[in-house]
Amino acid sequence: QVQLVESGGGLVQAGGSLRLSCAASGRTFSTNIMGWFRQAPGKEREFVAFINPSVGSTYYADSVKGRFTISRDNAKNTGYLQMNNLKPEDTAVYYCAASDRKYIATRLNEYLYWGQGTQVTVSS
């Protein structure tokens, strides 16, 4: 059974940092695109970032570019999202996901596997 489990969320003041982790089990995702999405209360789930280990590329939403960094450790089958200079508008449930797409995956329906989410709250 494939599982993605996020951790690392919490409450932080504006300007602070958090590092989210996404541990995968059930299969290896070393060559899969791994992405992060977030959903704020009353809003739709939105794309945050993805990493494509096969071509060594990363891609970010404009709202997080320069503040967030996505990475992965294939030996641990784990992905990460380092979030710096957090803002109150970053408050949301953050989800990691894995895709079978080859090059780019920024849409919800391009991802096959999802974690349960971890809450990030940024206070002003």
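- With rounding to the nearest 0.5 angstrom, the CZ atom of Arg45 is 13.0 Å from the CZ atom of Arg38.
- In terms of heavy-atom proximity, Pro88 sits nearest to Ser124 at CG-CB, 3.9 Å.
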**OP:** For Gln82 and Phe68, run side-chain contact (heavy atoms from CB on, under 4.5 Å): C-alpha distance rounded to whole Å, both residues' side-chain angles, the deciding distance at 0.1 Å, then the answer.
**Re:** CA-CA 5 Å; Gln82 177 67 43; Phe68 291 11; over 6 Å; no

**OP:** Evaluate the side-chain contact (heavy atoms from CB on, under 4.5 Å) criterion for residues Tyr94 and Leu81: first the C-alpha distance (whole Å), next the side-chain angles of each, then the deciding distance (0.1 Å), finally the verdict.
**Re:** CA-CA 10 Å; Tyr94 283 71; Leu81 185 68; 4.2 Å; yes

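- Every ring-ring contact (aromatic ring centres under 6.0 Å, His included) that Tyr113 has, sequence neighbours left out, goes to Phe29.
- Annotation: side-chain hydrogen bond (donor to acceptor under 3.5 Å, both in side chains) contacts of Arg107 (sequence neighbours excluded): none.
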Subject >> Thr58 vs Phe50, side-chain contact (heavy atoms from CB on, under 4.5 Å): CA-CA, chis, key distance, verdict >> reply: CA-CA 6 Å; Thr58 57; Phe50 78 72; over 6 Å; no

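- Among residues two or more places apart in sequence or in another chain, the side-chain hydrogen bond (donor to acceptor under 3.5 Å, both in side chains) test is passed with Tyr111 by none.
- The closest side-chain donor-acceptor pair between Arg101 and Asn52, if any, does not fall under 3.5 angstrom.
- From Gln119, atom CD reaches atom CD of Gln39 across 11.0 Å, with rounding to the nearest 0.5 Å.
- Between atom CD1 of residue Ile70 and atom CE of residue Met83 there is a gap of 12.0 Å, rounded to the nearest 0.5 Å.
- For Lys65, the side-chain hydrogen bond (donor to acceptor under 3.5 Å, both in side chains) test picks out Asp62, with sequence neighbours left out.
- Although no hydrogens or angles enter the test, the distance criterion places a donor-acceptor pair under 3.5 Å between the side chain of Glu6 and the main chain of Cys96.
- By the side-chain hydrogen bond (donor to acceptor under 3.5 Å, both in side chains) test, Arg72 pairs with Asn74, sequence neighbours left out.
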Side-chain donor/acceptor pairs under 3.5 Å, residues 9-24, sequence neighbours excluded:
| residue | atom | partner | partner atom | Å |
| --- | --- | --- | --- | --- |
| Ser17 | OG | Asn84 | OD1 | 2.9 |

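- For the atom pair OG (Ser99) and CG (Leu108), the distance works out to 11.5 Å, reported to the nearest 0.5 Å.
- Between the Arg67 side chain and the Asn85 main chain, a donor and an acceptor come within less than 3.5 Å of each other.
- Without hydrogens or angle criteria, Thr91 side chain to Glu89 main chain gives no donor-acceptor distance under 3.5 Å.
- Taking the six-membered ring where the residue is Trp, the centroids of Phe37 and Phe47 are separated by under 6.0 Å.
- Of all heavy-atom pairs between Tyr60 and Ala49, the closest is CD2-CB, 3.5 Å.
- Atom OG1 of Thr31 sits about 11.0 Å away from atom CE of Met34, to the nearest 0.5 Å.
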